[in-house]
Q: 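Mind having a look at this structure? Questions to follow.
If you read the sequence from its start, that first residue is 1, and numbering goes on from there.
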Amino acid sequence: MKTGIKGIRRVSAVAITAGAVLTAGAFAAPAQAATLPTPTITAAGGFVMNNGTGKSLFTKAADTRRSTGSTTKIMTARVVLGQSNLNLDSKVTVQKAYSDYIVNNNWASSARLIVGDKVSVRQLLYGLMLPSGCDAAYALADKFGSGSTRDARVKSFIGKMNATAKSLGLTNTHFDSFDGIGHGSNYSTPRDLTKLASNAMKYSTFRTVVGTKSTKQKVTTKSGGYRYMTWENTNALLGTYAGTIGVKTGSGPEAKYCLVFAATRNGKTVIGTVLASSSVPNRTADAKKLLDYGFKK
């Protein structure tokens, strides 16, 4: 009888030990799965954060200053939206200087604004952010800068861009243009641009504009009639990556290919930047990799 009890105890002990091993294994598995391989990107610099908490999720030369191309226009829009008593429906008459600027700058992308047309500030923001119109950027700088001449107003507007950067704590950012066609001193970093975009996304108009894939806008012509302007967003993530909510592409001979991006899934928003990627497809692929990684972190 005693032998039988000992035998039962031995069997129980083995069963408990085996159970403990199985239980330990069950708890160990998720810990191993939580170790994600860090993605490799072609971009020279990158940064990703959780937009809700501000927690850094990925860095690659995140504080190295680089040319930003048209991602500069995020700040252009931010300065406009930060104006007190802003009237988004106020009209701006398209000047010849804006179209001449496009002609005189090889890398200037255009919203195809037509001289004499009256376009609202809201429409200019679409022209700025979707087709990345440097003519729209010029019009906004001329409208919201201060001074008696166009040059003075543009200089004033760029000053507002730098003052805003300082107020947001973007210590590695400086602008010398309203559109990213810089003159030797237009730079930022992946971390700073991500923080800037995060701040700009607090404005509902900004969110609406950068989340729009295409738009058809009715503008008033010089003769008092109207025409329709159709603009397509240069951000290839819209419509190809589920949850994408923005924000802005950029390119240039020095900047190469840049993208500030954001997406929301299951209540979590991931926002980030890649600078100096090697091509348009690669900047999109870089962003998708980093978004995937950010959502899993």
Q: Excluding sequence neighbours, so at least two apart, what forms salt bridge (Lys or Arg N to Asp or Glu O under 4.0 Å) with Arg112?
A: none
Q: Same cluster for Trp107 and Ile102 if Ile/Leu/Val/Met/Phe/Trp/Tyr side chains link at under 4.5 Å?
A: no
Q: Specify the closest pair of heavy atoms between Tyr101 and Cys134, including all atoms of both residues, with the distance to one decimal.
A: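 Tyr101 and Cys134 have their closest heavy atoms at CE2-CB, 3.9 Å.
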Q: If I take atom NZ from residue Lys297 and atom OG1 from residue Thr38, how far apart are they, to the nearest 0.5 angstrom?
A: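 Answer for the NZ-OG1 pair, Lys297 versus Thr38, is 6.5 Å.
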Q: Not counting sequence neighbours, list each pair that qualifies as a salt bridge (charged side-chain N to carboxylate O under 4.0 Å, His left out) and has a residue in residues 80-106.
A: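 Output for this query lists Asp89-Arg122, Lys96-Asp100.
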Q: Using the ring pair (Phe, Tyr, Trp, His ring centres under 6.0 Å) criterion, which residues pair with Tyr203? Sequence neighbours excluded.
A: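 Tyr203 satisfies ring pair (Phe, Tyr, Trp, His ring centres under 6.0 Å) with no residue once adjacent residues are dropped.
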Q: Applying ring pair (Phe, Tyr, Trp, His ring centres under 6.0 Å), name anything that partners Phe261, two or more places apart in sequence or on another chain.
A: none
Q: Quick one: which residue pairs count as a salt bridge (charged side-chain N to carboxylate O under 4.0 Å, His left out) with a foot in residues 219-246, not counting sequence neighbours?
A: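 Qualifying pairs, neighbours excluded: Asp117-Arg227.
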Q: Drop me the distance from Thr264's OG1 to Ile245's CD1, to the nearest 0.5 angstrom.
A: 3.5 Å
Q: Is atom NZ of Lys60 surrounded by more than 12 heavy atoms (other residues, nucleotides or ligands) closer than 6.0 Å?
A: yes
Q: Can you name the residues that form a salt bridge (Lys or Arg N to Asp or Glu O under 4.0 Å) with Asp63, not counting sequence neighbours?
A: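 In terms of salt bridge (Lys or Arg N to Asp or Glu O under 4.0 Å), with neighbours along the sequence ignored, Asp63 is linked to Arg191.
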Q: Going by the angle between their ring planes, with limits at 30° and 60°, are Tyr138 and Phe178 parallel, tilted or perpendicular?
A: parallel
Q: Within the distance-only criterion (no hydrogens, no angle test), does the side chain of Gln83 pair as donor or acceptor with the backbone N or O of Val80 below 3.5 angstrom?
A: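 Side chain of Gln83 to backbone of Val80, a donor-acceptor pair under 3.5 Å: no, none is there.
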Q: Considering all heavy atoms of both residues, which atom of Pro190 and which atom of Gly45 are nearest to each other, and what is their separation?
A: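 The answer is CG-C, 3.7 Å.
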Q: Test of understanding: clusters of I, L, V, M, F, W, Y form through side-chain heavy atoms closer than 4.5 Å, transitively. Do Val115 and Leu124 belong to the same one?
A: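 No; tracing contacts between hydrophobic side chains, which count when under 4.5 Å, never links both residues.
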Q: Kindly say whether Ala197 contributes a backbone atom to a donor-acceptor pair with the side chain of Lys248 at under 3.5 angstrom?
A: no
Q: In the single-linkage hydrophobic clustering (I, L, V, M, F, W, Y; side-chain heavy atoms under 4.5 Å), do Ile181 and Leu275 co-cluster?
A: yes
Q: In the hydrophobic clustering (ILVMFWY, side-chain contacts below 4.5 Å, transitive), which residues join Val280, or is it alone?
A: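 Result for Val280 is Tyr257.
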Q: Only one of Thr93, Thr220, Val219 passes side chain to side chain contact (heavy atoms under 4.5 Å, CB included) with Val119; say which it is.
A: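 Single pass found, and it is Val219.
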Q: Can you list everything that forms a salt bridge (Lys or Arg N to Asp or Glu O under 4.0 Å) with Lys218? Sequence neighbours excluded, please.
A: none
Q: Strictly by side-chain hydrogen bond (donor to acceptor under 3.5 Å, both in side chains), give each pair with a member in residues 42-56 just once, sequence neighbours left out.
A: Thr42-Ser277, Thr42-Asp286, Asn51-Ser198
Q: Met49 versus Ile271: any side-chain heavy-atom pair under 4.5 Å?
A: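 The answer is yes, as the side chains (C-beta and beyond) meet within the 4.5 Å cut-off.
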Q: Kindly indicate whether the side chain of Thr68, heavy atoms from C-beta on, has any atom under 4.5 Å from the side chain of Tyr187.
A: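 Of all side-chain heavy-atom pairs linking Tyr187 with Thr68, none is under 4.5 Å.
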Q: Over all heavy atoms of both residues, which pair between Cys258 and Ser67 is shortest? Give the atoms and the distance, please.
A: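 Where Cys258 meets Ser67 most closely, the heavy atoms are SG-O, 4.2 Å.
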Q: Is there a path of hydrophobic side-chain contacts, each under 4.5 Å between heavy atoms of I, L, V, M, F, W or Y residues, that connects Leu128 with Leu88?
A: yes
Q: To the nearest 0.5 Å, what is the distance between OG1 (Thr173) and CG (Leu193)?
A: 6.0 Å
Q: With a 4.5 Å heavy-atom cut-off, do Asp179 and Ser70 have their side chains touching?
A: no
Q: With no hydrogens and no angle check, is any side-chain donor or acceptor of Asn172 less than 3.5 Å from a backbone partner on Ser188?
A: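 Checking the backbone N and O of Ser188 against the side chain of Asn172, no donor-acceptor pair under 3.5 Å is found.
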Q: Counting heavy atoms not belonging to Glu254, are there more than 12 under 6.0 Å from its CD?
A: no
Q: Compute whether any side-chain donor of one residue and acceptor of the other, for Ser99 and Asp135, lie under 3.5 angstrom apart.
A: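 Absent: no donor and acceptor within the cut-off.
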Q: Determine whether Leu168 and Lys195 satisfy the following criterion, side chain to side chain contact (heavy atoms under 4.5 Å, CB included), listing intermediate values before the conclusion.
A: CA-CA 8 Å; Leu168 295 176; Lys195 288 181 177 179; over 6 Å; no
Q: Is there a side-chain contact between Phe295 and Lys268 in this structure, where contact means two heavy atoms from C-beta onward sitting under 4.5 Å apart?
A: yes
Q: What residue pairs, at least two apart or across chains, pass side-chain hydrogen bond (donor to acceptor under 3.5 Å, both in side chains) with a residue in residues 204-214?
A: none
Q: Considering only heavy atoms from C-beta outward, does the side chain of Met229 approach that of Lys216 to under 4.5 Å?
A: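 SC-SC contact between Met229 and Lys216 ruled out.
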Q: Give a yes or no answer on whether the side chain of Thr149 reaches the backbone of Ala152 with a donor-acceptor pair at less than 3.5 Å.
A: yes
Q: For residues Tyr228 and Gln217, determine if any side-chain heavy atom of one lies less than 4.5 Å from a side-chain heavy atom of the other.
A: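 Side-chain contact under 4.5 Å: no.
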Q: After noting the C-alpha distance and the side-chain angles of Val121 and Leu140, does the key distance pass the side chain to side chain contact (heavy atoms under 4.5 Å, CB included) rule?
A: CA-CA 7 Å; Val121 171; Leu140 289 166; 4.1 Å; yes
Q: Do Leu86 and Leu81 have side chains that approach each other closer than 4.5 Å (heavy atoms only, starting at C-beta)?
A: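 The answer is yes; the side chains approach within 4.5 Å.
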Q: Would you give the length of the straight line joining atom CG of Leu237 to atom CG of Leu291, rounded to the nearest 0.5 angstrom?
A: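 With rounding to 0.5 Å, CG (Leu237) is 6.5 Å from CG (Leu291).
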Q: Do Val274 and Phe47 sit in one hydrophobic cluster, given that two such residues count as connected whenever their side-chain heavy atoms are within less than 4.5 Å of each other, even indirectly?
A: no
Q: If a pair satisfies salt bridge (charged side-chain N to carboxylate O under 4.0 Å, His left out) and one of its residues is in residues 140-160, list it, with sequence neighbours excluded.
A: Asp142-Arg150, Asp142-Arg153
Q: Of all heavy-atom pairs between Tyr293 and Pro37, which one has the smallest distance, and what is that distance?
A: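 Minimum heavy-atom contact is CE1-O, 3.5 Å.
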Q: Looking only at non-hydrogen atoms, find the nearest pair between Trp231 and Ala111 and report the distance.
A: NE1-O, 2.9 Å
Q: Do Ser132 and Thr234 have side-chain N/O donor and acceptor atoms under 3.5 Å apart?
A: no
Q: Roughly how far, to the nearest 0.5 Å, is the CZ atom of Phe58 from the CG atom of Leu290?
A: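 These two atoms lie 5.0 Å from each other.
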Q: I would like to know whether Arg265 and Tyr241 meet side chain to side chain contact (heavy atoms under 4.5 Å, CB included); could you show each step before the answer?
A: CA-CA 11 Å; Arg265 290 182 179 177; Tyr241 189 88; 3.3 Å; yes
Q: Testing the basics here: between Ala165 and Met75, what is the closest heavy-atom pair and its distance to 0.1 Å?
A: N-CE, 3.6 Å
Q: Given the rule in the side chain to side chain contact (heavy atoms under 4.5 Å, CB included) test, do Thr76 and Phe157 qualify, once you have shown the distances and angles that lead to the verdict?
A: CA-CA 9 Å; Thr76 309; Phe157 187 86; 3.8 Å; yes
Q: Hey, does Ile74 have a side-chain heavy atom less than 4.5 Å from the side chain of Val260?
A: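 Of all side-chain heavy-atom pairs linking Ile74 with Val260, at least one is under 4.5 Å.
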Q: With rounding to the nearest 0.5 Å, note down the distance linking OG1 in Thr71 to CG in Leu196.
A: 8.5 Å
Q: Determine whether the side chains of Asn186 and Ser177 contain a donor N or O and an acceptor N or O closer than 3.5 Å.
A: yes
Q: For Asp176, enumerate each residue passing the salt bridge (Lys or Arg N to Asp or Glu O under 4.0 Å) test, keeping only those at least two apart in sequence or located in another chain.
A: none
Q: With no hydrogens and no angle check, do the side chains of Ser279 and Asn282 hold a donor and an acceptor under 3.5 Å apart?
A: yes
